[in-house]
Amino acid sequence: MSSVLSPLPQSFYARPVLTVARDVIGKVLVHVTPGGVLAARIVEAEAYRGPEDRAAHSWGGRRTERTEVMFGPPGFAYVFFVYGMHWHLNLVTTREGAPHAVLLRAGEPISGGAQMARRRKLAADDVRLSNGPGKLCQAFGIDRRHYGVDLTCSSLFLSDAPTPRGRLGRSPRIGVDYAGAWAEKPWRFFERDNRWVSRPRASPKPT
DNA sequence: AGGAAGATCCGCT
DNA sequence: GCGGATCTTCCTG
């Protein structure tokens with residue numbers, strides 16, 4: 001049904017970043033490719049709220065060629081490259097001038113599993129297909145070409161959910177230990193008891 | 001001009 | 001659990 005695979009409007013993104021990060025859990029990420037339609041329920045996401053949030057790339061008002069899209073209107077894709085080999089996908093939120101974004105960290109495949117498996121070199125039922133931000137992008141074929149695309153009118157978009165989400169979990173964000181007190185903020189949201197979540201619980205802290 | 005670090009993943013122990 | 005892979009981006013000197 002094409003009705004369940006239509007882009008959410010800009011108004012979905014034009015809200016506080018923590019609200020969007022929470023509400024995106026259970027929504028469906030869709031990528032229409034020549035090889036077929038890829039779709040996955042988002043089960044894990046994180047909010048990044050520059051310029052005050054030290055964990056955000058837009059921290060301190062850093063406005064560069066890379067972060068530029070975050071300073072624009074909501075509903076666009078912020079795609080960046082890390083660790084020399086991984087791409088990450090963010091949703092720009094809130095309003096123009098507020099460099100806020102939601103990182104999509106994991107998804108549960110519901111369509112196009114064969115293509116995802118081919119890209120990931122795994123079996124179609126392997127949880128490692130998309131249980132992490134880099135894995136999700138590789139499975140979906142997302143890279144620099146998707147930087148700045150309008151998520152309300154592109155082949156890449158977020159669709160409303162055909163099924164309700166499960167219980168919501170919260171924890172500190174992953175991999176931002178360098179951010180001091182900001183690293184402790186519980187700005188990671190995930191669907192509890194879903195096996196596609198990258199880490200079921202918050203990572204233990206050293207004493 | 002140079003270098004350090006990174007919103008990670010994978011394979012091995 | 002640990003370290004290597006791999007390269008873009010940004011800050012410093």
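None of these values were measured; they are calculated from a predicted model. Naming: A, B, ... by sequence-line order, numbering from 1 per chain.
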Within 45° of the ring axis of [Y] and under 6.0 Å from its six-membered ring centre, is that where the NZ or CZ of [X] lies?
X: Arg145(A); Y: Tyr147(A); value: no
X: Arg15(A); Y: Phe12(A); value: yes
X: Arg54(A); Y: Trp182(A); value: no

- Message: Test: ring pair (Phe, Tyr, Trp, His ring centres under 6.0 Å). Region: residues 86-112 of chain A. Which pairs qualify, not counting sequence neighbours?
- Response: Phe80(A)-His88(A), Phe81(A)-Trp87(A)
Show each protein N/O and nucleotides 9-11 of chain B N/O combination with a separation under 3.5 Å, one pair to a line.
from: dC9(B); atom 1: OP1; to: Pro133(A); atom 2: N; distance (Å): 3.3
from: dC9(B); atom 1: OP1; to: Gly134(A); atom 2: N; distance (Å): 2.9
from: dC9(B); atom 1: OP1; to: Lys135(A); atom 2: N; distance (Å): 3.1
from: dC9(B); atom 1: O4'; to: His86(A); atom 2: NE2; distance (Å): 2.9
from: dC10(B); atom 1: OP1; to: Arg120(A); atom 2: NH1; distance (Å): 3.0
from: dC10(B); atom 1: OP1; to: Arg120(A); atom 2: NH2; distance (Å): 2.7

Send over the distance from [X] [atom1] to [N] [atom2], rounded to a whole Å.
X: Arg54(A); N: dG6(B); atom1: CZ; atom2: P; value: 11 Å
X: Tyr178(A); N: dA5(B); atom1: OH; atom2: P; value: 13 Å
X: Trp87(A); N: dG6(B); atom1: CH2; atom2: C1'; value: 14 Å
X: Arg63(A); N: dT9(C); atom1: CZ; atom2: C1'; value: 18 Å
X: Ile142(A); N: dT8(B); atom1: CD1; atom2: C1'; value: 16 Å
X: Met70(A); N: dT9(C); atom1: CE; atom2: P; value: 13 Å
X: Asn90(A); N: dA7(B); atom1: CG; atom2: P; value: 11 Å

- Query: Between the side chain of Arg120(A) and the main-chain N/O of Ala117(A), is any donor-acceptor distance below 3.5 Å?
  - Reply: no
- Task: Would you classify Tyr83(A) as touching base, sugar-phosphate or nothing, given that sugar-phosphate means primed atoms plus P, OP1 and OP2, and contacts are heavy atoms under 4.0 Å?
- Result: base
- Task: Look at the side chain of Phe81(A) and decide which nucleotide, out of dT8(C), dT9(C), dG6(B), has an atom nearest to it.
- Result: dT8(C)
- Show your reasoning for whether salt bridge (Lys or Arg N to Asp or Glu O under 4.0 Å) applies to Arg188(A) and Glu44(A). CA-CA 7 Å; Arg188(A) 170 177 178 249; Glu44(A) 180 180 349; 2.9 Å; yes
- Would you say His57(A) reaches dT9(C)'s phosphate, i.e. side-chain N/O to OP1/OP2 under 4.0 Å? no
- Report yes if at least one side-chain N or O of Arg188(A) is closer than 4.0 Å to OP1 or OP2 of dA7(B); otherwise report no. no
- For DNA chain B, the dot-bracket notation using Watson-Crick and G-U wobble pairs below 3.5 Å, [ ] for pseudoknot-type crossings and | for other-strand pairs, is ||||||.|||||.
- Message: Say we look at dG1(C) and dA7(B): how far apart would their P atoms be, to the nearest angstrom?
- Response: 23 Å
- Query: In the single-linkage hydrophobic clustering (I, L, V, M, F, W, Y; side-chain heavy atoms under 4.5 Å), do Leu29(A) and Val102(A) co-cluster?
  - Reply: yes
- Message: Taking Arg173(A) first and then Glu46(A), would you say they form a salt bridge - that is, a charged N and a carboxylate O separated by under 4.0 Å?
- Response: no
- Is it the case that Gln115(A) and Thr33(A) place a side-chain donor and acceptor less than 3.5 Å from each other? yes
